[in-house]
Protein chains: 2
Amino acid sequence: MTSITITDVAALAGVSIKTVSRVLNSEPNVRDGTRERVLSAVNKLNYKPNLAARALAGSRSYLIGLYYDNPSPGYIADLQRGAMSACRKAGYHLLVEQIDGEKERWRPRVESLLDQVKVDGVILAQPVCDRGAVLDVLEERNAPFVRIAPAGDWDRGPYVYMNDRQAAYDMTDHLLSLGHRRIGFIRGHPEHSATQQRYLGFAQAMAAADQSPDPALVQWGSFTFRSGVGAAERLLNRPVKPTAIFASNDDMALGVMAVANRMQLNVPRDLSVAGFDDSPIAQVVWPQLTSIRIPVAEMAEAAANILIHKRLQQQAPAARLLDFELMLRGSVGPASLA
Amino acid sequence: MTSITITDVAALAGVSIKTVSRVLNSEPNVRDGTRERVLSAVNKLNYKPNLAARALAGSRSYLIGLYYDNPSPGYIADLQRGAMSACRKAGYHLLVEQIDGEKERWRPRVESLLDQVKVDGVILAQPVCDRGAVLDVLEERNAPFVRIAPAGDWDRGPYVYMNDRQAAYDMTDHLLSLGHRRIGFIRGHPEHSATQQRYLGFAQAMAAADQSPDPALVQWGSFTFRSGVGAAERLLNRPVKPTAIFASNDDMALGVMAVANRMQLNVPRDLSVAGFDDSPIAQVVWPQLTSIRIPVAEMAEAAANILIHKRLQQQAPAARLLDFELMLRGSVGPASLA
DNA sequence: CCTTAAAATGACAACGCTGTCTTATCTCTC
DNA sequence: GAGAGATAAGACAGCGTTGTCATTTTAAGG
């Protein structure tokens, strides 16, 4: 049951273990014939290099860490799917670590991944990527990391991101193009990075269409269903109702739809509703929610790839922009002529 | 920037590296004074043993693998939280791997984790734990694994689980105790393991209360919101409506509530609704959904602990039962006197 | 052909630990 | 206080790779 080693392969191929190593690591200076002989031996024996030995002798661990805090489960799942996909293709493996924001308990865990496991790089997801102390630890150790959609400190390491402002702008533009003028907007949690960007996009699109902003049509929320309900009630109990409501995320948009239902307002006939995130629920409710798809998995995949191929490129890209997508569904229709 | 090794600690403590190793691994035959000297040196230098070296020299990798397929994101997140918690306490780290059921692509990944990474154990989540071929690979390599809530093959390795039948029984009993007699039941996806158990619990509780089962009150669903809607329509369009509906999971229960809403039935006055899973949405809807909490994180934690402490116990437990919890909320009330 | 540089390969020492076996040091006991 | 039997500590050889450097083979040039 003892596993086969590089020595076995070398013996079978009639070369030294170093040559096998060269073939396996795609190093230069190996004759084609030799390479083929080695590869065939590798296949014949179904040889797989030992990760620990590689890590100990070389400089790579073939492990990538993913730090996340406590965002929505769907977000984590997408993130992992993307990161895993990149890892899979490169023979890497993914290590996950939850960073509890509150306590300082995260520190030993982060340090452990760096000092003990010696991961080749770290992907920092949403809230963690903005925690200065975490970045400090990483920079201090000179550990490669990529941040996903950071909220600020854009000069601290490479990052991948999506243009939230532009997405909100485009969605607002879409509503305007359907004739909507009284468009309600529900902002997200004030401490969340995306909140301001999404509002900005909305405001800019409105301004570009010469719509004077009605402050009463902009309500605060906190990204929860409940807060969406509250904001929707404030918006829909006004003497002149908006014909469309654009919520900063899907949960709040669902809250809006619930209120509309309760008030006997037909969506989209009496009220158009748009969300942001394109969460799974968006397609479950009826009518299906028009929303904006965030390329979460793609961002994670890009982040992982930056880390994996870091050694190849002399200059790592500072930032990588990925495209959002407007998911137009039944919850948005033309403005009613009321 | 070169990291400190066991040699540095040994030098500072004035002992051999082997003694340091003994202290770090809690091996016997170290005098208290020596142990303290070593530990203080470890702390002073902030020494952390290199994982790769440990794995290469010893028999442990301090890595646990988590295989999952594609269940709900919330399920994965809970699973990871539990497994991570156990790992954290024992100085282990968690490696995740998605096993795409369809393709055979999973095989090299599973083998890689076993042969290359040499994880100390594998946790198999919901659908993966019932895939015979995966179990074959693990058993073939003699790799320690724990299955979480398997649907069958209970003799293939240790597992942790929850008593779905008892939970459904208790919930049904709860409904009965509130005076409900015409209780509708929505079964889950026929291929899902829990489906039959949950139905059994329902049926047994009804039988125990001398309620002859009305076949028309038992409808098939498939664990989706949509299927819950369909089943609810079939149940609520009957001449004599049920006073309560117990759905095999929350998504379907939400479908029931949607239909009830549309039919102007007040929940819980006109219709009580109970679900299963206690998914996050259960607390978001209004009224909040009475449901059954599955100890997902606890099961994962128990599974990880079994793997981590395997070497300690001579005989690994074959199974570990964890408790569910009835979450009684607003969607269930006493039977109306109609 | 022989010389010389370049390309291909190999020998061997790390990497930082743990396992095994040996040696030194206590603790008893009579 | 000497000998036996623990108990504590150390020496040293791996673990399975990669890095470095030496060596051999091939290709190029006259």
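A note on names: the letters A, B, ... follow the listed sequences, proteins ahead of strands, and every chain is numbered from 1. Because the structure is a prediction, the values reported are computed rather than measured.
- For the segment residues 31-42 of chain A, the set of residues with a heavy atom within less than 4.0 Å of an atom of DNA chain C comprises A:Arg31, A:Thr34, in numerical order.
- Note: CG (A:Asp8) to C1' (D:dT17) measures 13 Å, nearest angstrom.
- In the set C:dG10, D:dG16, C:dG19, the nucleotide with an atom closest to the side chain of A:Thr5 is D:dG16.
- The residues B:Asp120 and B:Arg60 are annotated as not salt-bridged, no charged nitrogen and carboxylate oxygen being separated by less than 4.0 angstrom.
- In this model, the phosphate group of C:dG10 is approached by a side-chain N or O of A:Ser16 to a distance below 4.0 Å at OP1 or OP2.
- Taking 4.0 Å as the cut-off between side-chain N and carboxylate O, B:Glu298 and B:Arg320 do not count as a salt-bridged pair.
- The ring pair (Phe, Tyr, Trp, His ring centres under 6.0 Å) analysis of residues 4-62 of chain B, with sequence neighbours excluded, yields the pairs B:Tyr62-B:Tyr92.
- One interatomic measurement links the two molecules: NZ of A:Lys118 to P of C:dG16, which rounds to 8 Å at whole-angstrom precision.
- Here the nucleotide nearest the side chain of A:Ala53, chosen from C:dT9, D:dT17, C:dC17, is D:dT17.
- Mapped onto DNA chain D by nearest heavy atom, B:Pro28 and A:Gly58 fall at different nucleotides, with B:Pro28 at the one closer to the 5' end.
- Between the base of C:dG19 and the side chain of B:Arg22 there is no donor-acceptor pair shorter than 3.5 Å.
- Nearer the 5' end of DNA chain D, as judged by each residue's closest nucleotide, is the contact made by B:Ile17, out of B:Ala57 and B:Ile17.
- Across the protein-nucleic acid pair, B:Leu51 atom CG and C:dC15 atom C1' stand 14 Å apart, rounded to whole Å.
- Contact annotation: A:Thr19 does not reach the phosphate of C:dT9 (side-chain N/O to OP1 or OP2, under 4.0 Å).
- Within the structure, a side-chain polar atom (N or O) of B:Asn25 is placed less than 4.0 Å from OP1 or OP2 of C:dT18.
- Counted by atom type alone, B:Tyr68 and A:Gln80 present one or more donor-acceptor pairs between their side chains at under 3.5 Å.
- Regarding B:Leu24, its CG atom lies at a distance of 12 Å from the C1' atom of C:dG16, rounded to whole Å.
- Looking at B:Ser61, its side chain never comes within 3.5 Å of a backbone N or O of B:Ala55 through a donor-acceptor pair.
- Rounded to an integer number of Å, the gap from CD1 of B:Ile6 to P of C:dC17 is 5 Å.
- Residues A:Arg88 and B:Arg105 fail the side-chain proximity criterion, which asks for heavy atoms closer than 4.5 Å.
- A salt bridge does not link B:Glu301 to B:Arg81: none of the charged side-chain nitrogens sits closer than 4.0 Å to a carboxylate oxygen.
- Comment: A:Asp153 does not engage A:Arg147 in a salt bridge, judged by the lack of any side-chain N to carboxylate O separation of less than 4.0 angstrom.
- Here the nucleotide nearest the side chain of A:Arg54, chosen from D:dA9, C:dT18, D:dT18, is D:dT18.
- Computed from coordinates, the A:Asp115 CG to C:dG16 P distance equals 13 Å when rounded to whole Å.
- Rounded to a whole Å, the CG atom of B:Leu56 is 12 Å from the C1' atom of C:dA14.
- We find that A:Asp136 and A:Arg156 are joined by a salt bridge, their nearest charged nitrogen and carboxylate oxygen being less than 4.0 Å apart.
- Of the side-chain N and O atoms in B:Ser21, one or more sit less than 4.0 angstrom from OP1 or OP2 of C:dT18.
- Between B:Tyr62 and the phosphate of C:dC17, there is no side-chain N or O to OP1/OP2 separation shorter than 4.0 Å.
- Between the P atom of C:dC26 and the CG atom of B:Asn29 lies a distance of 15 Å, rounded to the nearest Å.
- Axis angle between the ends of the helix from C:dC1-D:dG30 to C:dC30-D:dG1, five pairs each and rounded to 10 degrees, works out to 30°.
- Between A:Arg293 and A:Asp323, none of the side-chain N atoms (NZ, or NE/NH1/NH2) sits under 4.0 Å from a carboxylate O, so this pair counts as no salt bridge.
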